[in-house]
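Both backbone and side-chain heavy atoms feed into the values below; hydrogens, waters and symmetry mates do not.
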Amino acid sequence: MDSSQDPAAPGDGPSRARTAVPLLLALAATLAYGLLGSQQWRNLVSPSWDLGIFTQLARAYGEFGAPIVPIKGDEVNLLGDHFHPILVLLAPVWWAWPSGEALLWVQALLLGVSAIPLTRLAIDRLGPALGSLAGAAYAFSFGLQAAADVQFHEVAFAVPLLAFSLTCLLRERIAACALWAAPLVLVKEDLGLTVAVLGAVIALRFASHRREGLGLASWGIGWFVLSTFVILPMLNTAGQYDYTDNLGSPLEVLWPPLKWMTVGMLLLAAGVIGARSPVIWMMVPTLAWRFTGTVEFYWDWYWHYNAVLIPIALAALLDALGDRRSGRAAAWLRTDAPRPGRAVRVTAVAATAAVTLVLGSSMPLLDLARPEKWELTWRAAPAQAALDAVPDGSVLAADITLLAQAVPDHDVQWMHGPNQRVPDCVLADRYAFSWGGSFPEDPAQWAQERWGAEYATVLDEGGFIVACQG
């Protein structure tokens, strides 16, 4: 293609859209996801115990200790639960801002930054208008919104690593691609298989880089085996990999239909045409363990499990739609297929936006536009009073609502966990979903029966009850 026929082509000088749009999208996404996290924090929204767990891990690293997380159980090393040593990077965050809310902003930043390389690549390949739309569809995709809504998880670190790695792959900068992909094995054990598939794609697609591809594949498989079958059992209190029991029969991988809906949404995120890019194969390891799993949360479009698949979807889309500068596109292992026509390109990019937009009012970021969501919940003051009623440094058993908020000043364990050590105080929330609708009439008596120590109620306000020994 003659770049003189395309005034927006990068070869004609710096493109204003190429420079500004990726940064603006990254800033907008970071602010949106960060504000969503702060809104949840103010409103005491706790979809699970995970934020409390990772807050306790950040505190342990910040205090130069092993990631011992009593919320999971007595003396539980979280590196025996999932293999995520990259989370040691949270230590400086804890020094600057020792709060679970800080982790929500870290995740927001990681998700936001991931939009920069992919959006810039999209603009280079598709032009300013279509490329910017693809970048925006990615930055506010259902997968990233769901991940932000269910609060911090280690996979947030994988999203920018994948984005930068896949951008380098499509720019045929193979060494940089491998360097960005290599740390994924330190984010979560199963991502070693994702890295291995990326290595296989490189080896099959680029004959001149077969050695690098095979090396990356070996790196991924090696770390998957080492972390899953050696490191995790060694650091696990039960001497095993905890999630083997969550795997069902491979015969159930195609059922129930909810799994097909998730696959369909991911294909739409890849503009459907992205299915003919070998990059899409990188979704297979994640979908395989999810769909053979017996946990229903694994199968849905919601939660954080699709976050690592969204960068793959956009990269596959851009690969299949081709490059306006060369006129070539990918088709399976070919890189010299004719570039699809404009109607196909527009339809494919529109599909990536439509799959999120069709979810409508269920999208978490819409809460930012709802004034009532910014009003301080009536339970905020009682919640703070409950935390203040527990002496600093106490061993505290709490349910999910204030689990993360209690971590900075207390030695926290989950009230419904397997812990045998006797807490100094218990903090119960009458409205917490973790009680399953069977909140005890007298939490102090419940704690006495649970741990064999005498407790007296010291606060009962706004649904929060605090009972302490002596």
Side-chain angles (χ1 to χ4, degrees), residues 37 40-60 68-76 78 81 99-101 103-104 149-153 295 297 303 376-469:
Q40 290 181 326
W41 187 264
R42 284 165 50 91
N43 290 333
L44 307 180
V45 174
S46 302
S48 73
W49 64 345
D50 291 327
L51 183 59
I53 287 171
F54 288 112
T55 302
Q56 203 162 52
L57 170 141
R59 176 179 173 177
I68 303 300
V69 177
I71 290 174
K72 288 279 288 185
D74 296 329
E75 300 301 320
V76 167
L78 210 60
D81 181 60
S99 168
E101 189 177 6
L103 271 63
L104 301 179
D149 193 45
V150 298
Q151 303 181 340
F152 184 87
H153 289 87
V295 180
F297 287 137
W303 289 89
L376 197 64
T377 174
W378 65 275
R379 304 187 72 212
Q384 188 58 53
L387 291 170
D388 291 341
V390 181
D392 288 354
S394 300
V395 175
L396 171 66
D399 51 30
I400 282 176
T401 307
L402 295 178
L403 208 57
Q405 286 87 341
V407 167
D409 298 318
H410 308 96
D411 185 357
V412 182
Q413 61 192 47
W414 188 37
M415 188 172 287
H416 305 291
N419 308 73
Q420 295 303 307
R421 65 176 184 167
V422 179
D424 300 313
C425 296
V426 295
L427 195 168
D429 175 16
R430 189 180 306 277
Y431 305 109
F433 69 85
S434 54
W435 288 99
S438 57
F439 190 79
E441 290 186 14
D442 184 352
Q445 179 64 30
W446 178 90
Q448 181 172 328
E449 294 173 359
R450 167 70 173 81
W451 284 289
E454 288 194 20
Y455 293 89
T457 300
V458 297
L459 179 140
D460 186 345
E461 184 179 345
F464 295 106
I465 295 93
V466 177
C468 296
Q469 292 190 57

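- Applying the side chain to side chain donor-acceptor pair (under 3.5 Å) definition to pairs two or more places apart or across chains, those involving residues 449-467 are Gln445-Glu449.
- Shown here are the side-chain hydrogen bond (donor to acceptor under 3.5 Å, both in side chains) partners of Ser46, two or more places apart in sequence or in another chain: there are none.
- Partners of Gln151 by side-chain hydrogen bond (donor to acceptor under 3.5 Å, both in side chains), not counting sequence neighbours, listed by chain and number: Gln40.
- Residues forming a ring-ring contact (aromatic ring centres under 6.0 Å, His included) with Trp49 (at least two apart in sequence, or on another chain): Trp414.
- Applying the disulfide bond (SG atoms under 2.5 Å apart) definition to pairs two or more places apart or across chains, none involves residues 387-421.
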Please tabulate, for the side chains in residues 402-410, all donor-acceptor contacts under 3.5 angstrom to protein atoms that are two or more places apart in sequence or on a different chain.
| residue | atom | partner | partner atom | Å |
| --- | --- | --- | --- | --- |
| His410 | ND1 | Ala406 | O | 3.0 |
| His410 | NE2 | Val390 | O | 3.1 |

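- Screening residues 378-418 for disulfide bond (SG atoms under 2.5 Å apart), with sequence neighbours left out, gives no hits.
- Considering only residues two or more places apart in sequence or on other chains, Val69 meets the side-chain contact (heavy atoms from CB on, under 4.5 Å) condition with Ile53, Gln56, Leu57, Ile71, Lys72, Leu78.
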Candidate pair Val466 and Cys468, rule side chain to side chain contact (heavy atoms under 4.5 Å, CB included), full reasoning: CA-CA 7 Å; Val466 177; Cys468 296; 4.0 Å; yes
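- Residue pairs meeting the salt bridge (Lys or Arg N to Asp or Glu O under 4.0 Å) criterion with at least one partner in residues 40-57, sequence neighbours excluded, do not occur; the list is empty.
- Residues Pro423 and Gln413 approach most closely at CD-NE2, 4.0 Å, considering heavy atoms.
- For Thr377, there are no side-chain hydrogen bond (donor to acceptor under 3.5 Å, both in side chains) partners at least two apart in sequence or on another chain.
- The side-chain hydrogen bond (donor to acceptor under 3.5 Å, both in side chains) search around Asn419 returns Asp74, not counting sequence neighbours.
- Within the structure, side chain to side chain donor-acceptor pair (under 3.5 Å) pairs that include any residue of residues 430-443 comprise Asp399-Trp435 (at least two apart or interchain).
- With hydrogens and angles ignored, the 3.5 Å screen pairs no side-chain donor or acceptor of Gln420 with any backbone N or O of Gly73.
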